[in-house]
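Take a look at the structure set out below.
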Amino acid sequence: MDMDKLVSLCKRRGFLFQSSEIYGGLNGFWDYGPLGVELKRNIKEAWWQDMVRGHDELSTPAGAPEAYEMTGLDCTIIMHPQVWKVSGHYDLFCDMMVDCKATKKRYRYDQIKGRWAFRKDQVGTGKPPVFVTTVAEEFDADIERRALKYFNLRSKQADQLDLGELMSLPQGISAQHGYFESETYYDAEGKPALTDYSSDTPLNHVLAPEANEVGTLTEPREFNLMFKTIVGAMGTEEDAAFLRPETAQGIFVNFKNVLDSTRVKVPFGIAQIGKSFRNEITPRNFTFRSREFEQMEIEFFCHPNASRKWYEYWRDRRMKWYTDLGLAGERLIMREHAADELSHYSVGTADIEYAFPFLPEGEYGELEGIAHRGDFDLRSHMEGKLVKNAEGCLEVEMVPVEGKPDKLRPKHRGSGRDLTYRDEVTNEKFVPHVIEPSSGADRATLAFLCEAYYEDEQPDEKGEMQTRVVMRFHPRIAPIKAAVFPLVKKDGLPEIAQEIYRKLKAKFSAFYDEKGAVGRRYRRQDEAGTPYCITVDGQTLTDNTVTIRDRDTLEQWRVKVDEVVEEISKRVM
Ligand code: GAP
């Protein structure tokens, strides 16, 4: 699928617009248009219905160790600053970034890719190799094009170029992978022909993604991804607060409130849907990496001994949710993290990933992470910010007291509240373990948009074959469930069609259209992803039936006017 076609359809049909577009847009921020808002809302509602409201707490779902309860929360975006100190986001939620002094562009250090390159005929001349970089999606072609240009070669002289293996910038300039250790050409006398630059700063030999000269990138620096704001009128640093970078912490800090105000018992889950904010250094790929986005998160609290089984249950359950809504096939995968990628307290982490069309062939982008977080979060909010000690166990991070270097205090204090759980039956007291299925509503929306896009060839009114663009959304998430057309604007057909439209509209989103040829009206609904179109025609006047057309099969059948609502309802709900 061609991503450009999808992006243009999203704008043309009102799924997605760039935020503040009339002022030139704001990078990393997106608005959902009239169709997009319905689509995203349907996705969030399907998630809430399937995970929370529709959950049957009296039965054990397939694959679950036992029956469990689910409840919800809606917490604030700005929380007490201590929340982020204790959670680790204040100290650790950073990306490394580099700036280009020549182009004034900023990049995420690990997102720059490149290859060491040199001109073969310059071997022995003392000319150094150059790490030619790019952030373009077509990275192979871009690196070659830039290397040719840098070394003053034409494309037919490409064999004059020696290009090393593809590496990220951190790898490329590291001692293990960089050119210092790479194969070196030897001249006739057996001396290394490329100058040894190991005493030099490797960044001096990097051609930044959009620069014309080497050595324009700054040393990598830490950049905290949390947006800072000021609460109250004083405007001092003491009033600084942050926009939440995840919804999860609101759930942890309310754990005791939920226990005390409901009758939930472990195992149970708390779900939340809401906005999160991350000042991403390089927002890109449409809405995939935005600076303002929505998350759909569950924190599931269970007994430590049962946490592995619960982790496996949630991992499989969440994968099934996407496939049930139409993200099936090879484009959707589950990737279990290898043991050495896991935090020491975790029994597992899996990512549900989708082969977004803007990614290179064979690469997948994360839709959702399902993580076993142990007791890390609740313990942190009780005791203070935790770090791993020499034995690999978590303990409160301590720092010297100012002026008394031999006395230690916790770096970031916890709430001091008791966030343990007492089992009423066994009387056992423990800190529950947490399984966290954390997904992005915008990434899910984007994946459903990509998956839905489909083109086929259909004859138009004159019998000529035309490309038909159809968004094959699962009916549950389709922005409009049904469209109603009177075939012509006379003989009382519009009145009958409007009556049907009003009845449908009382139950779900429906659309009325009487303008233009009916074939064009069908095509507009195909592009919007409307699963069913209902047409009132001459026959309606004689037998009180209408046709229903299926968006995907193009099959048409007739039903009685007063059965239309039921017929559509059973197909879309
Ligand atoms: N509480 C765990 C957590 O926040 P995460 O992997 O950082 O984990 C979870 O985020 C999900 O949120 C991701 O899988 C993705 O779907 C979504 N997400 C994260 N950053 C995003 C961004 N910049 N733009 C859009 N969605 C994002």
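Treat the numbers as computed from the prediction; the structure is a model and nothing was measured.
- Taking the six-membered ring for Trp and the full ring otherwise, the centers of Trp30 and Phe293 sit at least 6.0 Å from each other.
- Annotation: cation-pi geometry not satisfied between Arg119 and Phe151 (NZ/CZ under 6.0 angstrom from ring centroid, within 45° of ring axis).
- Ring geometry for Tyr90 versus His412: interplanar angle over 60°, hence perpendicular rather than tilted (30 to 60°).
- Under a 4.0 Å N-O distance rule, the pair Arg115/Glu165 does not qualify as a salt bridge.
- Taking a cutoff of 4.0 Å between a charged side-chain nitrogen and a carboxylate oxygen, Arg291 and Glu280 do not qualify as a salt bridge.
- Both cation-pi conditions hold for Arg443 and Phe288: the charged atom is under 6.0 angstrom from the six-membered ring centre and inside a 45 degree cone around its axis.
- Taking a cutoff of 4.0 Å between a charged side-chain nitrogen and a carboxylate oxygen, Arg335 and Glu341 qualify as a salt bridge.
- The residues Lys120 and Asp159 are annotated as not salt-bridged, no charged nitrogen and carboxylate oxygen being separated by less than 4.0 angstrom.
- Glu336 has a carboxylate O that lies under 4.0 Å from a charged side-chain N of Arg315, or vice versa, which qualifies the two as a salt bridge.
- Between Glu527 and Arg12 there is a salt bridge, since at least one side-chain N of the basic residue sits less than 4.0 Å from a carboxylate O of the acidic one.
- The pair Asp95-Arg108 meets the salt-bridge criterion, with a side-chain N (NZ, NE, NH1 or NH2) lying under 4.0 Å from an Asp/Glu carboxylate O.
- The pair Glu457-Arg468 does not count as a salt bridge, with every side-chain nitrogen at least 4.0 angstrom from each carboxylate oxygen.
- Around CZ of Arg41, the count of heavy atoms belonging to other residues, nucleotides or ligands within 6.0 Å does not exceed 12.
- For the pair Asp99 and Lys104, the salt-bridge criterion is not met [side-chain N within less than 4.0 Å of a carboxylate O].
- Contact check on Arg523 versus Asp526 returns no salt bridge, with no Lys/Arg side-chain nitrogen under 4.0 Å from an Asp/Glu carboxylate oxygen.
- Note on Glu366 versus Arg289: no salt bridge recorded, every NZ/NE/NH1/NH2 to OD/OE distance being 4.0 Å or above.
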Exercise for the section: List the steps and the verdict of side-chain hydrogen bond (donor to acceptor under 3.5 Å, both in side chains) for Asp442 and Thr445. Expected result: CA-CA 5 Å; Asp442 305 86; Thr445 306; 5.7 Å; no
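- Between Lys228 and Glu237 there is a salt bridge, since at least one side-chain N of the basic residue sits less than 4.0 Å from a carboxylate O of the acidic one.
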